[in-house]
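First up is the structure itself, then whatever we jot down about it.
We number each residue from 1, following the sequence as shown. Computation of the quantities below employed the complete heavy-atom set of this structure, encompassing side-chain atoms and omitting hydrogens, waters and symmetry-equivalent molecules.
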Amino acid sequence: MPEAEERSGLADDAEEMPLSLRLSIADTLTLGNATCGFMAVYFTTTGILIPHLTGSQESGMARHSAATAVILMLCAAVFDLFDGLVARKLRSSPMGAELDNLSDLISFGLAPAYFVLVYGMVADDAHQRVAAVGAIVVLLAVVLRLARFSCVTMKDGMFQGMPSPFGALTVVSIVLLELPFFATLLAIIGTAWLMVSRVEYPKPRGRLAVAMLSWIVLSMGLLTAWAFDAPGGQLLLQTGCSLQLVLGAVIPLFATARRVNNFRDNRREARAAQLP
């Protein structure tokens with residue numbers, strides 16, 4: 001029958017599908033990352049930007065939408081964390097690395113840059129055009145970082161420059177702190193510089209991956225408390241955002257200290273080898 005022949009033909013096409021076009025479990029998680037990034041842009045637009053442009057004064061709605069957008073970026077970071085773990089344990093398709101870069105560009109490049117742009121439009125003391133420059137700097141920093149990551153081979157266990165998920169969360173934390181505009185802008189540009197710098201950051205593996213996941217879950221709780229105006233929610237959020245900035249500055253110091261200790265140990269071993 002024609003219908004049976006058509007189904008048979010579709011089955012044959014599926015069997016002949018190139019391996020490069022078959023999605024793995026890790027690739028599916030990566031697509032979840034991209035979806036979260038896109039939805040973060042959606043909530044930033046519908047819940048913050050559009051009400052501002054239409055003259056709506058519903059601050060509660062803006063708070064809920066801002067929290068939702070940042071929580072979605074945190075979810076994207078969870079997907080990004082687990083797709084790497086799953087790819088190492090199971091497998092990833094040949095296009096896994098490309099999917100990962102494209103998804104990271106959406107979730108940790110476009111979404112936080114757009115968040116900064118909208119902040120420049122709705123904040124009382126902000127300057128829209130200057131904020132647009134800051135948003136472009138964030139976006140280009142992530143683009144350059146992802147391109148360099150594809151070309152440069154780093155020693156195992158280390159990133160060169162602040163990882164883009166951590167950078168994106170640091171950028172939105174700076175905005176949520178509600179500092180004076182130019183202090184906010186300088187901190188955002190400083191974070192963008194860290195993403196393209198040669199400062200080393202450890203990869204989230206083992207205990208560090210568990211610590212990062214725990215921090216993400218805690219951050220989601222802080223954002224939820226702030227969104228629903230829980231007692232002390234504003235203070236808790238500001239504390240969490242401040243800690244995010246401190247972690248961004250302190251974590252590289254551990255890698256630097258380890259590198260210095262390794263250098264000293266190598267010198268001691270070389271001196272010991274020279275002794276008779």
Side-chain angles (χ1 to χ4, degrees), residues 33-53 62 65-77 80 98-152 159-199 201 241 244-245 247-249 252:
N33 171 4
T35 302
C36 288
F38 174 78
M39 292 305 296
V41 172
Y42 169 79
F43 278 99
T44 303
T45 302
T46 58
I48 303 175
L49 180 60
I50 292 178
H52 173 75
L53 295 177
S65 298
T68 302
V70 179
I71 287 174
L72 283 165
M73 293 184 217
L74 288 166
C75 290
D80 186 62
E98 298 299 329
L99 282 176
D100 191 55
N101 276 349
L102 292 171
S103 297
D104 286 356
L105 179 59
I106 295 171
S107 298
F108 311 125
L110 176 62
Y114 186 71
F115 198 81
V116 171
L117 179 66
V118 172
Y119 155 74
M121 299 176 69
V122 303
D124 294 334
D125 64 338
H127 301 270
Q128 182 176 336
R129 294 182 180 179
V130 180
V133 173
I136 292 171
V137 169
V138 171
L139 179 63
L140 294 182
V142 175
V143 170
L144 291 172
R145 173 177 171 72
L146 294 174
R148 185 179 67 181
F149 181 77
S150 301
C151 302
V152 177
F159 284 120
Q160 189 178 78
M162 180 183 284
S164 52
F166 199 88
L169 299 180
T170 303
V171 166
V172 296
S173 294
I174 294 168
V175 174
L176 292 175
L177 274 174
E178 298 182 351
L179 301 171
F181 174 73
F182 284 103
T184 299
L185 186 67
L186 289 175
I188 287 172
I189 292 175
T191 303
W193 175 83
L194 280 174
M195 284 194 278
V196 296
S197 70
R198 297 183 181 275
V199 177
Y201 283 77
C241 292
Q244 175 73 28
L245 269 65
L247 289 174

- Mind listing the closest non-hydrogen atom pair of L146 and N101 along with its distance? CD1-O, 3.5 Å

- Item | Side chain R145, main chain Q160, donor-acceptor under 3.5 Å | yes

- Report the distance from atom CG of L49 to atom OH of Y114, rounding to the nearest 0.5 Å. 4.5 Å

- Item | L245 side chain near S173 side chain, heavy-atom distance below 4.5 Å | yes

- Looking only at atom types and distance, does a side-chain atom of T191 sit under 3.5 Å from a main-chain N or O of V171, one as donor and one as acceptor? no

Name every donor-acceptor pair, under 3.5 Å, that has one atom in a side chain of residues 177-186 and the other anywhere in the protein, sequence neighbours excluded.
from	atom 1	to	atom 2	distance (Å)
T184	OG1	L179	O	3.3
T184	OG1	P180	O	3.1

- Message: Tell me the closest heavy-atom pair linking A126 and Y119, and the distance in Å.
- Response: CB-O, 3.9 Å

- Closest contact, heavy atoms only, L110 versus L139: N-CD1, 3.8 Å

- Which atom names give the shortest non-hydrogen contact between A40 and T44, and what distance separates them? O-OG1, 2.7 Å

- From I106 CD1 over to N33 CG, what is the distance, rounded to the nearest 0.5 angstrom? 8.0 Å

- Query: Do L194 and V199 come within less than 4.5 Å of each other through their side chains, counting heavy atoms only?
  - Reply: yes

- Query: Which atom names give the shortest non-hydrogen contact between F43 and S65, and what distance separates them?
  - Reply: O-CB, 3.6 Å

- Start with the C-alpha distance between F108 and D80, add both sets of side-chain angles, then the distance that settles side chain to side chain contact (heavy atoms under 4.5 Å, CB included), and finish with yes or no. CA-CA 10 Å; F108 311 125; D80 186 62; 4.1 Å; yes

- Can you find a heavy atom in the side chain of I50 that is under 4.5 Å from one in the side chain of T45? yes

- Task: Write down the atom of V116, the atom of A131, and the distance for their closest heavy-atom approach.
- Result: CG1-O, 3.9 Å

- Query: If you round to the nearest 0.5 Å, how far is OG of S164 from CG of L169?
  - Reply: 9.5 Å

- Message: What's the separation between atom CE in M39 and atom OG1 in T46, rounded to the nearest 0.5 Å?
- Response: 8.0 Å

- Message: Just verifying a value: how many Å separate M195 CE and Y201 OH, rounded to the nearest 0.5 Å?
- Response: 10.0 Å

- Message: Checking V138 against I188 for the side chain to side chain contact (heavy atoms under 4.5 Å, CB included) test, could you report, in this order, the C-alpha distance in whole Å, the side-chain angles of both residues, the deciding distance, and whether it holds?
- Response: CA-CA 7 Å; V138 171; I188 287 172; 3.4 Å; yes

- Item | Spacing of CE belonging to M121 relative to CD1 belonging to I48, to within rounding of 0.5 Å | 11.5 Å

